[in-house]
*Asks:* 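Before we start, here is the structure in question, set down as structure tokens.
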Amino acid sequence: MSGGSLGIRSGSYGSLEKQQQQLQNNGVSLIQSARKPTKTLKEKDRFFLWIFKFAGRKKVGMLCLFTISAAVFIWVLYVGKDEDSQEGNSVHNISVNGNMSIGVSPSLIAGANIKGFTTISVLPPPPPSYFLGYTLPSGHPCNTFTLPPPPADKKRTGPRPCPVCYLPVDEAIALMPKFPSPSPVLKNLAFIYEETLSRDGEFGGSDFGGYPTLRQRNESFDIRESMSVHCGFVRGTKPGRNTGFDMDEDDLLEMEQCHGVVVASAIFGNFDEINEPTNISDYSKETVCFLMFVDEETEKYLRISGRLGTRKKIGLWRIIVAHNLPYTDPRRTGKIPKLLLHRMVPNAHYSIWLDGKLELVVDPYQILERFLWRKNATFAISKHYRRFDVFVEAEANKAAGKYENASIDFQIEFYKNEGLTPYTEAKLPLISDVPEGCVIVREHVPISDLFTCLWFNEVDRFTSRDQISFSTVRDKLLSRVDFHFLMFLDCERRNFVVQKYHRDILERLVAPVAIALSPPPPLETLPEKVARRGPGRRGRDRRPGSRRHRKVVAGGRDINMEANYTVLFV
């Protein structure tokens, strides 16, 4: 330190008169110090000392507290009354399309301002809002809509579409919920990632879906608020990136941009032709993601045929090529985008799944309004057009050679030991145990995501025939939570999709038939009269198996025409 600074600091402890004299000599004018108590303050001090002399400290403190409280009460009662009448203290409720909301109320509510002080009441944050369904206005045609009687022509008994009461596209879009549907019990769903696969499972499983033990399987049906389950893609932190069923980075980025509605389909093994959606509104073309998953074999065919270019688009479909497929069976591979779509489009709210053989002919928003929002459901699927019992479905799969008979028998026996019984009317209002699983309409909320995860795990553990495992997973969930599940009629499904033949059938139908033509015989050998053909066989005289069937020709666009035909290949 400098000597001058030391001198000034030591001088601060000297007499006040000396400091004043020194500063006046330097030409500095002095202001009277505010620290000097005035006469008024001394009188106030004597007043308080007089109070403390005749009353104890505790009594004085209580008196002061009472005085302050009374002042605050009077201020809030009279001064804050006008402010409350102008602004109001009520909570503004929001009710959009039947949505439940507790209102717009901040977690911090300011009280009255008293002499610069603000009282603040801290409230807990409001619970989330949910969509709870709606009812159409009274007198709306769809409220009284009923199915017409079946056609009277008994010769045409095959599956066919039936009328469905859709809302106009703009009305369906206006009714789209602003909030998600509630997920009963389950609020947080996480998926198991295994850097090193554990093969402790008793049987079944794969490197793609993991090898969960039977104990883990049983625990996955015990619904809790937070759960972690096997749900495919177990070998990577992000689905499609070194997990099996790998996809290009630009495709992964494209799927992350899907924040609303997704329509998805898949073709593996070059098994089907790509059917472009029709009757799609301009709004859906702009807001809905149309995703078509294919393998490298199908991609090669599409490029050779000239349908697929560098834009990766065929009509509305965005073509996404899957590499490093985890299964050799194309039908089992197809279950990945069908049941695990929520893992590949994590930001989507709703999805419609279509098998590759189907053509979409109704706008997606109309389908969602009719089968989800109007029914207050989070998962919708159609029943099988003929079979409703799992045991009958298993025998039909064995007869058609859809899978190894021994594997089907093992799966059915396993479910029987768990309590599976034939379908009866006791299961009503569930109308069937067997779905027509080529179409799935669902909302991506935790409980429906869990349902498809557990359904996929059954397909991965047992056979790829998902109709066999469907009812087991559904009934286990419904026995624990009120899962908003809808099973609708197969004829309603056939109203918004047109079913086409697989590629091998189409190639046989369009293949040219070679007809050998022989030269006409010489004129002299022609008979003078040509014998007339007798009357054809009719009624009971007709040979067995001679009944002719009219078939659906691919490319037909008229939905109503399909009602006149029997679909022979499913």
Side-chain angles (χ1 to χ4, degrees), residues 191-194 197-213 216-217 229-236 238-248 251-252 255 264-272 291-302 319-345 353-357 394 397-398 400-408 410-411 414 437-438 440 452-470 472-473 502-504:
F191 310 109
I192 292 176
Y193 160 66
E194 295 180 342
L197 286 176
S198 173
R199 292 178 171 82
D200 295 334
E202 290 80 356
F203 61 90
S206 66
D207 289 351
F208 176 79
Y211 299 90
T213 64
Q216 289 176 314
R217 173 184 177 272
V229 298
H230 287 82
C231 194
F233 302 101
V234 297
R235 291 184 296 173
K238 182 175 182 178
R241 185 179 293 166
N242 300 322
T243 58
F245 204 87
D246 299 328
M247 292 163 280
D248 298 336
D251 292 331
L252 294 175
M255 290 187 290
S265 186
I267 298 175
F268 298 109
N270 200 24
F271 203 58
D272 295 292
L291 307 178
M292 175 66 71
F293 298 90
V294 301
D295 57 0
E296 295 174 352
E297 179 184 352
T298 306
E299 178 200 17
K300 181 179 179 180
Y301 170 81
L302 294 174
I319 307 301
I320 299 178
V321 183
H323 311 279
N324 188 23
L325 300 182
Y327 307 113
T328 58
D329 180 11
R331 294 182 183 272
R332 192 185 293 270
T333 302
K335 303 302 185 294
I336 297 175
K338 176 179 179 178
L339 302 178
L340 306 183
L341 188 61
H342 60 280
R343 298 219 58 191
M344 294 182 279
V345 283
W353 166 261
L354 311 169
D355 275 5
K357 62 186 176 184
N397 277 263
K398 289 162 60 177
K402 297 294 184 67
Y403 211 84
E404 296 177 355
N405 291 0
S407 298
I408 294 177
F410 176 80
Q411 184 174 5
F414 184 90
C438 57
I440 296 176
T452 54
C453 285
L454 302 185
W455 192 6
F456 175 82
N457 291 344
E458 297 298 290
V459 171
D460 193 42
R461 180 185 292 272
F462 297 102
T463 70
S464 61
R465 308 306 298 170
D466 52 9
Q467 294 97 331
I468 298 177
S469 53
F470 167 80
T472 293
V473 180
H502 294 304
R503 181 188 300 281
D504 55 345

*Asks:* For the residue pair Ser206 / Asp460, report whether a side-chain donor-acceptor contact shorter than 3.5 Å exists.
*Replies:* yes

*Asks:* Considering non-hydrogen atoms only, spot the tightest contact between Leu340 and Gly232 and give its length.
*Replies:* CD1-CA, 4.0 Å

*Asks:* Does a side-chain heavy-atom distance below 4.5 Å link Lys402 with Thr463?
*Replies:* no

*Asks:* Please report the closest heavy-atom contact between Ser464 and Val459, naming both atoms and the distance.
*Replies:* CA-CG1, 3.8 Å

*Asks:* Decide side-chain contact (heavy atoms from CB on, under 4.5 Å) for Phe233 and Met344; before the verdict, give the C-alpha distance in whole Å, the side-chain angles of both, and the deciding distance to 0.1 Å.
*Replies:* CA-CA 10 Å; Phe233 302 101; Met344 294 182 279; 4.0 Å; yes

*Asks:* Show your working on side-chain contact (heavy atoms from CB on, under 4.5 Å) between Asp248 and His323 and close with a plain yes or no.
*Replies:* CA-CA 9 Å; Asp248 298 336; His323 311 279; 3.4 Å; yes

*Asks:* Find the distance between CD1 (Ile468) and CZ (Phe462) and round it off to the nearest 0.5 Å.
*Replies:* 11.0 Å

*Asks:* Is a side-chain donor or acceptor of Thr298 paired with a backbone partner of Asn270 at a separation under 3.5 angstrom?
*Replies:* yes

*Asks:* So, for Trp455 and Ser469, which heavy atoms are closest and what is the spacing to 0.1 Å?
*Replies:* NE1-OG, 3.3 Å

*Asks:* Hey, could you give me the NE2/SG distance between His342 and Cys231, rounded to the nearest 0.5 Å?
*Replies:* 3.5 Å

*Asks:* Specify the closest pair of heavy atoms between Ala266 and Pro337, including all atoms of both residues, with the distance to one decimal.
*Replies:* CB-CG, 3.9 Å

*Asks:* Are Phe208 and Phe245 an aromatic pair by the rule of ring centers under 6.0 Å?
*Replies:* no

*Asks:* What are the two closest heavy atoms between Arg331 and Lys335, and how far apart are they?
*Replies:* O-NZ, 3.0 Å

*Asks:* Taking the six-membered ring for Trp and the full ring for Phe, Tyr or His, determine whether the centres of Phe203 and Phe410 are under 6.0 Å apart.
*Replies:* yes

*Asks:* Is the shortest side-chain heavy-atom distance between Ser265 and Met292 below 4.5 Å?
*Replies:* yes

*Asks:* Can you tell me how far SG of Cys453 sits from CD1 of Ile192, rounded to the nearest 0.5 angstrom?
*Replies:* 10.0 Å

*Asks:* Could you give the distance from CD1 (Ile319) to CD (Glu299), rounded to the nearest 0.5 Å?
*Replies:* 9.5 Å

*Asks:* Would you verify whether the NZ or CZ of Arg343 falls within 45 degrees of the ring axis of Phe191 while also being under 6.0 Å from that six-membered ring's centre?
*Replies:* yes

*Asks:* Could I get the full list of ring pair (Phe, Tyr, Trp, His ring centres under 6.0 Å) partners for Phe293, not counting sequence neighbours?
*Replies:* none

*Asks:* To the nearest 0.5 Å, tell me how far Leu341 CG sits from Leu291 CG.
*Replies:* 7.0 Å

*Asks:* So does Lys398 pair up with Glu404, basic N to acidic O under 4.0 Å?
*Replies:* no

*Asks:* Holding to salt bridge (charged side-chain N to carboxylate O under 4.0 Å, His left out), I want the full list of residues that pass it with Lys238, two or more places apart in sequence or in another chain.
*Replies:* Glu256

*Asks:* Name the residue from Gln411, Arg332, Arg465 that meets the side chain to side chain donor-acceptor pair (under 3.5 Å) definition with Tyr403.
*Replies:* Arg332

*Asks:* Identify which one of Leu252, Asp251, Val294 satisfies the side chain to side chain contact (heavy atoms under 4.5 Å, CB included) criterion when paired with Ile320.
*Replies:* Asp251

*Asks:* So, do Cys438 and Trp353 sit near enough that their side-chain heavy atoms are less than 4.5 Å apart?
*Replies:* no

*Asks:* Can you measure from CZ (Arg217) to OG1 (Thr213) and round to the nearest 0.5 angstrom?
*Replies:* 11.0 Å

*Asks:* Can you tell if the side chain of Thr452 reaches within under 4.5 Å of the side chain of Lys338, non-hydrogen atoms only?
*Replies:* no

*Asks:* Is any side-chain heavy atom of Leu339 less than 4.5 Å from a side-chain heavy atom of Ile440?
*Replies:* yes

*Asks:* With sequence neighbours left out, write down each residue that passes ring pair (Phe, Tyr, Trp, His ring centres under 6.0 Å) with His230, or none if nothing qualifies.
*Replies:* none

*Asks:* Quick one: are Lys357 and Phe271 in side-chain contact, heavy atoms under 4.5 Å?
*Replies:* no

*Asks:* Before accepting this row, confirm whether a basic side-chain N of the pair Asp207/Arg199 lies closer than 4.0 Å to the acidic partner's carboxylate O.
*Replies:* yes

*Asks:* Do Thr333 and Asp295 come close enough that some side-chain heavy atom pair is under 4.5 Å?
*Replies:* no

*Asks:* Write down the atom of Ala394, the atom of Ile408, and the distance for their closest heavy-atom approach.
*Replies:* CB-CG2, 3.8 Å

*Asks:* Using modelled atom types and a 3.5 Å cut-off, is there a donor and acceptor pairing between side-chain atoms of Arg235 and backbone atoms of Gly209?
*Replies:* no

*Asks:* Measuring only between side-chain heavy atoms, which start at C-beta, is Met247 closer than 4.5 Å to Arg241?
*Replies:* no

